[in-house]
Protein chains: 2
Amino acid sequence: MTDSSDKKYPVPTIRRLPSYLRVIKALDFEGREFVSATDIANELGIDSIKVRKDLAYTEATGKPRVGYRITELMHGIRSIIGWDRNSEAILVGAGCLGSALLGFPGFSKRGLNFVAAFDADREKYGTYVHECEIKPIEELEKFITERLIEIAVLTVPSFAAQQVTDRLVNAGIKGIWNFSPVRLKVPPSVVVQSENLMSGLAVFMVRMARGAE
Amino acid sequence: MTDSSDKKYPVPTIRRLPSYLRVIKALDFEGREFVSATDIANELGIDSIKVRKDLAYTEATGKPRVGYRITELMHGIRSIIGWDRNSEAILVGAGCLGSALLGFPGFSKRGLNFVAAFDADREKYGTYVHECEIKPIEELEKFITERLIEIAVLTVPSFAAQQVTDRLVNAGIKGIWNFSPVRLKVPPSVVVQSENLMSGLAVFMVRMARGAE
DNA sequence: CTGTAATCGATATATTTTTATCGATATAAA
DNA sequence: TTTATATCGATAAAAATATATCGATTACAG
Ligand SMILES: NC(=O)c1ccc[n+]([C@@H]2O[C@H](COP(=O)([O-])OP(=O)(O)OC[C@H]3O[C@@H](n4cnc5c(N)ncnc54)[C@H](O)[C@@H]3O)[C@@H](O)[C@H]2O)c1
Ligand SMILES: NC(=O)c1ccc[n+]([C@@H]2O[C@H](COP(=O)([O-])OP(=O)(O)OC[C@H]3O[C@@H](n4cnc5c(N)ncnc54)[C@H](O)[C@@H]3O)[C@@H](O)[C@H]2O)c1
């Protein structure tokens, strides 16, 4: 129902927007008022035409010879990637990786706020990881339904991933950010975004092998 | 000088290979001897033609109606992405994320072995994170040159990333797996592979906004 | 005031990646 | 043995993405 919810943004563009935002935020901090696509491209080592095309998806409009007004551009980018809104999220699996994510301030800065974490390990119940309480997994459904949580971050071991997912979906979760290397089966209405670190490692190793010959 | 080092693999293909490997490893464990591109595609929910094209980059060759011999395919994939060889690596910045990576057994299983970690925090010197000793950052260069380390994983705060990178490059590091949201400046001979979690978050939020309208 | 250069925005081209088509082949059933 | 079918491997088409071109516009220098 909002102005821009039916637009379709290319995934590669979406993936680049956060780095543009980082660059122009730094310039804003320095007191700069305008930024050109060339400026951003140079800073990131990519093509300026690509940047300009990406920025065309925002509401921001640039002036020749000057560039885009930074405040306008920041707003435009944040609006597309949803970083101007706040969401409550829970994390399931407060182990090594889960704890790292809980402690990362970058998420709440971008509107993703962890309001609770859940784990199957009794010894963690009631403890806090970076100001987020670890609750028993038994309380998962109750918490989600009572607080109307829509987003879950999943950092449980692979063997537990699908089982936890089923419970999340059943309780009404609408989106799962999945860090386990498992293809989760969910109904079509539920969004699953999977991060697979091993893809990155694979690309890294191939590039190393090429570069080192 | 080896057989396959001058071949060029598409990055999207490389990124998919680890998930193929995971699927066929599971089948191998179940005692299966052959696997078809269709099997893998169904398991991952992607197109079988894409899988077959990807697999064509491996040395493995399939038989109509039967598929590929799993042992052959595993070897072929591992060979491309370098998971049949062992490398020693160091990690710099043993904080939240760094500690999670140090404790993740998936890396050594794929041939990436952390032999030491370095940090600027005195209190961590001499402690161990998952059997990996945290050493003073002052010893960085000495360790790299003496042990001929070529790979570094970078998990320091953003403000320290470039400075640490310069030291790594100076000491002879050939590849940096970078988890900080910073574009690292390195000589052309050094490979930098950057993981930007925020890209994933952005895509996730956009998809949520689309799906939830 | 005029010319120059940077940059936008739109359009066009090139490249990469995905998806489709099709003949060949191996297996299993008839 | 013959026939039906799943699958491979190669080639072709389509879609997505990246890069190039170009006129219009604006700031700035002369
Ligand atoms: N650690 C890393 O660097 C890393 C990197 C990439 C991917 N991953 C993936 O992230 C996931 C977690 O990795 P980790 O290293 O944090 O593992 P971990 O064992 O440290 O943490 C898993 C946590 O989940 C909890 N848990 C187990 N079963 C549960 C259940 N049914 N319900 C709720 N909680 C449960 C455990 O008690 C534990 O605290 C794994 O799937 C792993 O493959 C981890
Ligand atoms: N924690 C996450 O979930 C997460 C997610 C995405 C990206 N990142 C990025 O990963 C990096 C690390 O994040 P973190 O959460 O682990 O931070 P952290 O503060 O927990 O860890 C950073 C570590 O680096 C050490 N350090 C600082 N300066 C150093 C130097 N000059 N030399 C050596 N060591 C130094 C610190 O002592 C600390 O132990 C950051 O760039 C962050 O943006 C983290």
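Letters go in sequence order (proteins before strands), and every chain restarts at 1.
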Working for side-chain contact (heavy atoms from CB on, under 4.5 Å), residues B:Glu72 and B:Thr61
CA-CA 8 Å; B:Glu72 201 183 329; B:Thr61 164; 3.7 Å; yes
Test item: B:Arg207 side-chain N/O and A:Val192 main-chain N/O as donor-acceptor pair under 3.5 Å
yes
Expressed as a whole number of angstroms, how long is the span from A:Asp54:CG to D:dA18:P?
8 Å
Protein N or O to nucleotides 24-30 of chain C N or O, pairs below 3.5 Å:
{"from": "C:dT27", "atom 1": "O2", "to": "B:Arg65", "atom 2": "NH1", "distance (Å)": "3.1"}

Taking side chain to side chain donor-acceptor pair (under 3.5 Å) as the test, write out the residues that go with B:Tyr20, two or more places apart.
B:Arg16, B:Asp54
Do any pairs count as a side-chain hydrogen bond (donor to acceptor under 3.5 Å, both in side chains) and have a residue in residues 102-111 of chain B, sequence neighbours left out, and if so which ones?
none
Residues passing the salt bridge (charged side-chain N to carboxylate O under 4.0 Å, His left out) test with A:Arg65, sequence neighbours excluded, are none
Between residues 67-76 of chain B and DNA chain D, which residues have a heavy-atom gap below 4.0 Å?
B:Gly67, B:Tyr68
I need the full list of side-chain hydrogen bond (donor to acceptor under 3.5 Å, both in side chains) pairs touching residues 165-174 of chain B, with sequence neighbours left out, sorted by first then second residue.
B:Glu141-B:Arg167, B:Gln162-B:Asp166
What are the atom names and distances for every N/O pair under 3.5 Å that joins the protein to nucleotides 19-23 of chain C?
{"from": "C:dT19", "atom 1": "OP2", "to": "B:Lys50", "atom 2": "NZ", "distance (Å)": "3.4"}

Look at all strands and tell whether A:Thr61 reaches a base, only sugar-phosphate, or nothing, counting heavy atoms closer than 4.0 Å.
sugar-phosphate
Heavy-atom closest pair (B:Leu91 atom, B:Thr155 atom, distance to 0.1 Å) is CD2-OG1, 3.5 Å
Indicate the atoms forming the closest heavy-atom contact of B:Phe114 with B:Leu101, along with that distance.
CE1-O, 3.7 Å
Qualifying side-chain hydrogen bond (donor to acceptor under 3.5 Å, both in side chains) pairs, either residue in residues 182-191 of chain A, two or more places apart
none
List in numerical order all residues of residues 29-40 of chain A for which some heavy atom is under 4.0 Å away from an atom belonging to DNA chain D.
none
Could you walk me through whether B:Tyr68 and B:Thr58 pass the side-chain contact (heavy atoms from CB on, under 4.5 Å) test, one step at a time?
CA-CA 11 Å; B:Tyr68 306 82; B:Thr58 69; 5.8 Å; no
Contacting residues from residues 12-20 of chain A, given that a heavy atom lies under 4.0 angstrom of DNA chain D:
A:Pro12, A:Arg16
Interatomic distance, B:Asn42 CG vs D:dA6 P [rounded to whole Å]:
13 Å
Quick one: ring-ring contact (aromatic ring centres under 6.0 Å, His included) partners of B:Phe104, sequence neighbours excluded?
B:Phe107
Please walk me through it: do B:Leu21 and B:Met74 pass side-chain contact (heavy atoms from CB on, under 4.5 Å)?
CA-CA 6 Å; B:Leu21 190 56; B:Met74 287 201 298; 4.1 Å; yes
Indicate the ring-plane relationship of A:Trp177 and B:Phe204, choosing parallel, tilted or perpendicular according to the 30° and 60° boundaries.
parallel
Partners of A:Asn196 by side chain to side chain donor-acceptor pair (under 3.5 Å), sequence neighbours excluded?
A:Ser199
Could you go through the side-chain contact (heavy atoms from CB on, under 4.5 Å) check for A:Val190 and A:Leu168 one step at a time?
CA-CA 10 Å; A:Val190 176; A:Leu168 290 169; over 6 Å; no
